[in-house]
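The structure presented is a predicted model; accordingly, all values stated were derived computationally and were not measured.
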Amino acid sequence: MVGIAETSSIPIIDLEPARSGGPEELAKVAHEVYQAFKYVGFAYIKNHGVPQQLVDDAFSWSSKFFSLPQSEKDKAPHPPEGWYHRGYSGIGREKVVQMVFDKDGIAERRKVPDVKESFELGNERDKKMLNIWIPEESLPGFRGFFANFFDTCSGLETLMLRLVAIGMGLDEGFFLEYHQDRTNQCRLLHYPPVEEELLRAGKAERIAAHTDFGTMTILFQDEVGGLEVEDIHEKNKFNPAPYIPGTAVVNIGDLLMRWSNHELKSTMHRVRAPSLVEVNVDGESKGRMTRPRYSIPYFISPDRDRLIECLPNCHGPDRPKKYEGITSSDYIAMRMNATY
């Protein structure tokens with residue numbers, strides 16, 4: 001059997017034994033998760049506990065939201081501060097950058113816009129970063145559905161944090177201790193059609209290559225595809241991570257990589273536009289356009305005031321710490337402020 005370290009593929013991990021089995025089954029799945037995050041940084045997970053009908057309904061609600069008139073979506077505006085990541089951001093508002101924090105560098109990268117729009121929501125019980133919703137009459141039921149969806153994904157977060165801790169030889173509640181407030185973010189993303197010519201000419205992007213910021217990300221994507229993950233053996237080579245029915249994609253974020261002193265891998269990824277359709281008007285070709293794409297990432301982060309320091313079993317005399325401690329809020333705010 002070929003090990004994960006020898007391949008470039010993203011492993012598929014069945015969580016059912018961890019959800020319904022005993023300690024041995026739990027330990028086996030935890031080892032699979034640890035191996036995937038150590039060598040690839042990504043994994044597909046199936047039997048994850050988020051019902052498929054709920055996922056399908058989430059995409060339906062997301063489509064309804066982004067189909068609203070612009071004036072309705074603009075009733076829940078994202079604040080000017082990048083760190084306050086709630087509400088609606090229109091096309092071109094956000095520009096994902098990778099470890100660029102100076103104003104000139106960010107301005108240069110913003111010349112190529114990310115052709116996407118988004119809506120960000122968090123824990124309804126979070127008093128420090130309140131959600132910013134459109135009025136209920138604009139889309140009745142939207143707020144209630146995603147409040148429930150957020151809580152359901154939180155249950156999967158609990159399982160994944162337990163598995164990572166067990167896989168790393170820690171007490172299974174270690175990471176849960178740092179994630180009690182559920183200061184997570186659920187993001188609805190819509191990539192509208194864009195001309196192939198603009199993409200090929202470098203005048204527009206979906207999302208440029210980047211790593212995620214927090215502990216880990218759970219991603220639900222549609223069948224259109226476009227997610228690509230950097231090859232673990234060849235820098236700047238990106239492999240497709242296509243939609244697989246019944247699965248979610250999970251990847252490590254930068255904070256967990258810092259936490260583990262790089263034992264776990266926060267892998268670069270991007271969104272491209274492989275699905276193209278020919279557009280004809282009155283029998284005349286107008287070129288090729290991308291298909292619209294939707295995705296729903298659920299970003300998991302530690303409680304804001306928790307200090308993230310190197311794990312005790314990830315450093316020693318022959319393995320120095322790569323980073324000083326930093327609070328979760330300071331790190332994520334630094335990264336988010338660079339994108340807005």
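- Asp126 and Arg304 are joined by a salt bridge, as a carboxylate oxygen and a charged side-chain nitrogen come within less than 4.0 angstrom of each other.
- No more than 12 heavy-atom neighbours from other residues, nucleotides or ligands sit within 6.0 angstrom of CD on Glu324.
- In this structure, the side chains of Pro11 and Tyr39 stay at 4.5 Å or more apart for every pair of heavy atoms.
- Taking hydrophobic clusters as Ile, Leu, Val, Met, Phe, Trp and Tyr residues chained together by side-chain heavy-atom distances below 4.5 Å, Met168 shares a cluster with Met216.
- Looking only at distances, no side-chain donor or acceptor of Asn261 sits under 3.5 Å from a matching main-chain atom of His315.
- For the pair Leu219/Tyr298, no side-chain contact is recorded, criterion being any heavy-atom separation below 4.5 Å from C-beta on.
- For the residue pair Arg293 / Gln221, a side-chain donor-acceptor distance below 3.5 Å is found, with atom types taken as modelled.
- For Arg270 and Phe238, the positive end sits near the middle of the six-membered ring, less than 6.0 Å away and at most 45° from its axis.
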Item to check | Asp254 and Lys265: CA distance, side-chain angles, deciding distance, salt bridge (Lys or Arg N to Asp or Glu O under 4.0 Å) verdict | outcome: CA-CA 8 Å; Asp254 293 342; Lys265 183 178 177 62; over 6 Å; no
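- Judged by distance alone, the side chain of Thr217 and the main-chain N or O of Asn251 form no donor-acceptor pair under 3.5 Å.
- At a threshold of 4.5 Å between non-hydrogen side-chain atoms, the residues Leu26 and Arg162 count as touching.
- Here the closest heavy-atom approach between residue Phe220 and residue Ala248 is recorded as CE2-CB, 3.8 Å.
- A salt bridge does not link Lys28 to Glu25: none of the charged side-chain nitrogens sits closer than 4.0 Å to a carboxylate oxygen.
- For Gln180, the CD atom sits in a packed shell: over 12 heavy atoms of surrounding residues, nucleotides or ligands are nearer than 6.0 Å.
- Residue Trp259 is tested with Phe37, Tyr331, Tyr178 for a ring pair (Phe, Tyr, Trp, His ring centres under 6.0 Å); the sole match is Tyr178.
- Not one N or O on the side chain of His233 forms a donor-acceptor pair closer than 3.5 Å with the backbone of Asp231.
- Formation of a donor-acceptor pair under 3.5 Å by the His262 side chain with backbone atoms of Arg258 is not found in this model.
- Side-chain atoms of Thr247 come within 3.5 Å of backbone atoms of Ile244 as a donor-acceptor pair (strictly under, hydrogens ignored).
- The ring pair (Phe, Tyr, Trp, His ring centres under 6.0 Å) test with Phe119 singles out one residue from Phe66, Trp61, Phe146, Trp133, and that residue is Trp133.
- Residues Tyr84 and Glu120 bring no donor and acceptor atom of their side chains to less than 3.5 Å of each other.
- Between Cys314 and Cys310, the closest heavy-atom pair is O-SG, 3.8 Å.
- Between Val164 and Leu256 there is a side-chain heavy-atom pair separated by less than 4.5 Å.
- To the nearest 0.5 Å, the span separating NZ on Lys46 from CD on Gln52 amounts to 13.5 Å.
- Taking CD1 of Ile300 as the reference point, atom CZ of Phe175 lies at 12.0 Å (rounded to 0.5 Å).
- By the rule that hydrophobic residues join a cluster once side-chain heavy atoms approach within less than 4.5 Å of another member, Leu176 and Leu156 end up as members of one cluster.
- A heavy-atom distance below 4.5 Å is found between the side chains of Arg306 and Glu177.
- Between Arg143 and Glu124 there is a salt bridge, since a side-chain N of the basic residue sits under 4.0 Å from a carboxylate O of the acidic one.
- Glu230 has its side chain out of reach of Lys237: every pair of non-hydrogen atoms, C-beta onward, lies at least 4.5 Å apart.
- Listed here is the closest heavy atom pair of Glu136 and Gly141: OE2-N, 2.7 Å.
- In plain terms, the two heavy atoms of Ser260 and Leu311 that are nearest each other are CA-CD1, 4.0 Å.
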Item to check | ring pair (Phe, Tyr, Trp, His ring centres under 6.0 Å) evaluation trace for Phe299 with His85 | outcome: CA-CA 11 Å; Phe299 298 102; His85 213 24; 7.9 Å; no
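- Here the straight-line distance linking atom NZ of Lys75 with atom NZ of Lys73 works out to 13.5 Å at 0.5 Å rounding.
- When side chains are defined from C-beta on, Ile13 counts as touching Val33, because their heavy atoms get closer than 4.5 Å.
- Note on ring orientation: taking the six-membered ring where Trp is involved, the planes of Phe65 and Phe142 are parallel (angle under 30°, cut-offs 30° and 60°).
- Using a 3.5 Å distance cut-off with no hydrogens or angles, the side chains of Ser154 and Arg182 do pair a donor with an acceptor.
- Between Lys116 and Leu189, the closest heavy-atom pair is CD-CD2, 3.7 Å.
- Glu228 places no side-chain N or O within 3.5 Å of a backbone atom of Ala241 that could act as its donor or acceptor partner.
- Applying side-chain contact (heavy atoms from CB on, under 4.5 Å) to Val29 and the options Leu159, Asp14, Leu15, Ile166 leaves one that passes, Leu15.
- Not a single donor-acceptor pair under 3.5 Å links the side chain of Ser62 to the backbone N or O of Ala58.
- For Asp151 and Arg125, the salt-bridge test passes: some basic side-chain N is under 4.0 Å from an acidic carboxylate O.
- Under a hydrophobic-cluster definition in which Ile, Leu, Val, Met, Phe, Trp and Tyr are linked whenever side-chain heavy atoms come within less than 4.5 Å, directly or via other members, Val229 and Tyr44 are assigned to the same cluster.
- Annotation: side chain of Ser266 is not in contact with side chain of Asp212 (no heavy-atom distance under 4.5 Å).
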Next on the checklist: Let's go through Tyr88 and Glu72 carefully: what are the C-alpha distance in whole Å and the side-chain angles of both, what is the deciding distance for side chain to side chain donor-acceptor pair (under 3.5 Å) to 0.1 Å, and is it a yes or a no?
Outcome noted: CA-CA 10 Å; Tyr88 171 73; Glu72 291 298 314; over 6 Å; no
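- The minimum heavy-atom distance between Asn148 and Leu54, with the atom names listed, is ND2-CD1, 4.0 Å.
- Of the N and O atoms on the side chains of Asn184 and His179, not one donor lies less than 3.5 Å from an acceptor on the other residue.
- A salt bridge links Arg319 to Glu263: at least one charged side-chain nitrogen sits closer than 4.0 Å to a carboxylate oxygen.
- Hydrophobic cluster membership differs between Tyr243 and Val50, with clusters built from Ile, Leu, Val, Met, Phe, Trp and Tyr side chains linked at under 4.5 angstrom.
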Next on the checklist: Let's go through Lys321 and Glu309 carefully: what are the C-alpha distance in whole Å and the side-chain angles of both, what is the deciding distance for salt bridge (Lys or Arg N to Asp or Glu O under 4.0 Å) to 0.1 Å, and is it a yes or a no?
Outcome noted: CA-CA 9 Å; Lys321 298 179 183 179; Glu309 296 185 287; 5.4 Å; no
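- Looking only at atom types and distance, the side chain of Asp330 has a donor-acceptor partner in the side chain of Thr327 under 3.5 Å away.
- Ile232 and Val249 end up in the same hydrophobic cluster when Ile, Leu, Val, Met, Phe, Trp and Tyr side chains are linked at under 4.5 Å.
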